[in-house]
There are 4 protein chains.
Amino acid sequence: MSPLNKQQLEIIRDERATQIKQASLKVFARYGYSGTKTSMIASEAGISEGLIYRYFSSKEELFNTLIQELLEDASRELENLHQLQGSPYEQIKAVTENMLDEANRNAFILIQTTRMDEDIPQKATENLKKYSADTLIDLLLPIFVKGQESGEFYEEDPCRLASWYFSIVNSICMQEWGKEEYGMPSVEVLMRILKKN
Amino acid sequence: MSPLNKQQLEIIRDERATQIKQASLKVFARYGYSGTKTSMIASEAGISEGLIYRYFSSKEELFNTLIQELLEDASRELENLHQLQGSPYEQIKAVTENMLDEANRNAFILIQTTRMDEDIPQKATENLKKYSADTLIDLLLPIFVKGQESGEFYEEDPCRLASWYFSIVNSICMQEWGKEEYGMPSVEVLMRILKKN
Amino acid sequence: MSPLNKQQLEIIRDERATQIKQASLKVFARYGYSGTKTSMIASEAGISEGLIYRYFSSKEELFNTLIQELLEDASRELENLHQLQGSPYEQIKAVTENMLDEANRNAFILIQTTRMDEDIPQKATENLKKYSADTLIDLLLPIFVKGQESGEFYEEDPCRLASWYFSIVNSICMQEWGKEEYGMPSVEVLMRILKKN
Amino acid sequence: MSPLNKQQLEIIRDERATQIKQASLKVFARYGYSGTKTSMIASEAGISEGLIYRYFSSKEELFNTLIQELLEDASRELENLHQLQGSPYEQIKAVTENMLDEANRNAFILIQTTRMDEDIPQKATENLKKYSADTLIDLLLPIFVKGQESGEFYEEDPCRLASWYFSIVNSICMQEWGKEEYGMPSVEVLMRILKKN
DNA sequence: TATGAATGAGGCTTCATTCAT
DNA sequence: TATGAATGAAGCCTCATTCAT
């Protein structure tokens, strides 16, 4: 076989890196940073232990990269929120549903775990601060204000209302709901926090 | 000089055990089971690492004991809830405030962390199952029903309502609130989930 | 460069395991189970301490494996004894010489030490019982009986005679003879225990 | 109560020291030097762990003292052997029986274990050399010579004969005989090594 | 690039020894 | 003198990381 050219190699590199990041997301979310062994990541990714180190210089760097990319993804998705249609209630509902969506669970869990667990690389913590919930709230604040103006939402400091509301959604996102009898609270129930009547 | 008598020694032993349990509660809650090193516990308790093992046969046993005692304490406190005074709203408010109280935070965080972290002694997990949130809900269900009968609370399956409500309170309990701009959501806001109007 | 193939890896693994077992035989025989530190084994084997644990799950398992294999080897060698040539005297002499042979010393010492030392993994003790001296004696009993019938050996309970004789050989085997002035008793002298005149 | 006077105190000291030495003899003989924990000695002696250190500066010193005293005792007993009555055969028989006597077993086992186990204080090893089997043999050599002159014993280098004979008796002494089917070899059988016909 | 054997720092645990009482 | 709680060095073991192939 002829050797791969530079571009092909780069594609392979990217694929491998993505494969490792996906595997480690799964394992970190489940076992936490210290509870996750590089062997678990390798085995989840179906590669050898040593190979991780061709793509990431350490477990810590892998973790940092992962967190940072998750935050960037989240942040990027938020940018699209402006274009949301419907009433403030419907807009917040859409955001909430998106946050609670199964597909985003691991990322949220990981981010949240990271927030709580101090036994993690400092750089990850710094990233968290940078992309913290405030960004989300800043973006959504106008919707809250509009909701209050139209009388749909409770009247109180909109910053606080938004901050509290997303703290709660965030917290809920982290739970293991699979085994619970009634599953995750419905979005409608959650939104009673915001919605008058 | 004469040696300490049996009773004095027992007091010392009890004190030390308590000291170690308190220190480890703090550290386990903050760093998780695997993130917590025995050296951290020792240093938090102000003792040598070896001393831990005169009181607990292993890090795991210490953890199990801790979880079990926290659950027993929680369970014992719940037994007192029957005697709560006031309207259903006021009663649930009291329970919620108790759960969110700073003094109980570490315990809640630890229990919650344990629920999620798979990298944890099995015995602790079993204990968690035994004393799980269901107990709390079973005890409080009558209050919810009364609240619905009196028209104070939303009308829907009271089990689900209670389950969801306490899941949310539980989740909130786990967060680090110290640094957040608006702190923890107020109980009144939370209770909008339950309270009509 | 391509990685090693499966077969090559298995060869390496076998070699390492053997290397570790040989080193530990030497050290265990010399210092006893508790007197042997994993660092001594590693250093004797010329490897790092951690590597031991890729081949054996613990010091105890290494010890058990070692004992079991030595017993199996010994047992296998005994099966060949039937084919011994010569008079009963010559046959027992051959067996005795084999037992006292330098090459088998460490194994005998280890087994014997294990028999006496109570501070030893239970599984090893159980193995010892299974493969105990009785097997040897059962196999050789016919030779003793023939020796008595031909008038070569003393006439007494052949079981007891055999049992005592091999107890003595066993005991002798365990001694450090290197430094003693006259070395190990000669086989001829030992066999006076058996041989009339 | 009036304080004890100096002499009484010294008696108590001696008693305690003896108590500790007896207990440690039992435990060292059973578990070996490294397998013996100071807690085992304390518990066997019925005293607290710390007390050992008022009488012996370390586990090592206790062990050395023990070995040395055992050797001195043995040596002292040997001095009485001159006065033994009877034929050389009867005299050696008496010595052998004394060595194999149950009451002396622990001491012999300990000394023998010490001989083999390198994981022991060096001073003990030195003591062993000083009081080694040679002393015994030197004392008994005349008896062997007389036995050969009278035609009772085999004719060969009497030093070697004695050395080998007592090596064998020594080795036998160390075995655990309690569980063996036929027990320890009888003295008569052993003495066939020496006795013509 | 890919593998997995090998290393070694660091964690958990034991236990000889010290120390407050 | 006697006790047993406390210490800390050292042992067993794990696992992130390196390296030979």
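Naming: A, B, ... by sequence-line order, numbering from 1 per chain.
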Spacing of B:Lys37 atom NZ and B:Ser34 atom OG [to the nearest 0.5 Å]:
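If we round to the nearest 0.5 Å, B:Lys37:NZ and B:Ser34:OG are 7.0 Å apart.
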
CD/D:Gln19 to CG/D:Leu51 distance, rounded to the nearest 0.5 angstrom?
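D:Gln19 CD to D:Leu51 CG: 8.5 Å, rounded to 0.5 Å.
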
Does [N] have OP1 or OP2 sitting under 4.0 Å from an N or O in the side chain of [X]?
X       : N      : value
C:Lys37 : F:dG11 : no
A:Arg16 : E:dT1  : no
D:Thr38 : E:dC15 : no

Between [X] ([atom1]) and [N] ([atom2]), how many Å, whole number?
X       : N      : atom1 : atom2 : value
B:Lys59 : E:dT14 : NZ    : C1'   : 17 Å
D:Glu61 : E:dT17 : CD    : P     : 10 Å
A:Gln19 : E:dT1  : CD    : C1'   : 13 Å
D:Phe63 : E:dC15 : CZ    : P     : 18 Å
B:Ile20 : E:dC12 : CD1   : P     : 14 Å
B:Ile41 : E:dT13 : CD1   : C1'   : 13 Å
A:Met40 : F:dC15 : CE    : C1'   : 12 Å
C:Gln8  : F:dT21 : CD    : C1'   : 9 Å

List the atom pairs, with distances to 0.1 Å, where a side-chain N or O of residues 52-61 of chain B and a protein N or O form a donor-acceptor pair under 3.5 Å, not counting sequence neighbours.
unit_1, atom_1, unit_2, atom_2, d
B:Ser58, OG, B:Glu60, N, 3.4
B:Ser58, OG, B:Glu61, N, 3.0
B:Lys59, NZ, B:Tyr33, O, 3.1
B:Lys59, NZ, B:Thr36, O, 2.8
B:Glu61, OE1, B:Ser57, N, 2.8

Identify, with sequence neighbours excluded, every residue that meets side-chain contact (heavy atoms from CB on, under 4.5 Å) alongside B:Ile11.
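Partners of B:Ile11 by the side-chain contact (heavy atoms from CB on, under 4.5 Å) criterion, ordered by chain and then number, come out as B:Glu15.
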
Just jot down the side chain to side chain donor-acceptor pair (under 3.5 Å) partners of A:Gln22, sequence neighbours excluded, or say none.
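Here no residue qualifies.
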
Mind checking what makes salt bridge (Lys or Arg N to Asp or Glu O under 4.0 Å) contact with [X], not counting sequence neighbours?
X       : value
D:Glu10 : none
D:Asp14 : none
C:Glu49 : none

Validation: residues 38-46 of chain A side-chain donor-acceptor distances under 3.5 Å, sequence neighbours left out:
unit_1, atom_1, unit_2, atom_2, d
A:Glu44, OE2, A:Lys26, NZ, 3.1

Dot-bracket assigned to DNA chain E with the 3.5 Å Watson-Crick/G-U criterion, [ ] for crossing and | for other-strand pairs, is .||||||||||||||||||||

Contacting residues from residues 44-58 of chain A, given that a heavy atom lies under 4.0 angstrom of DNA chain F
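Correct list: A:Glu49, A:Gly50, A:Tyr53, A:Ser58.
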
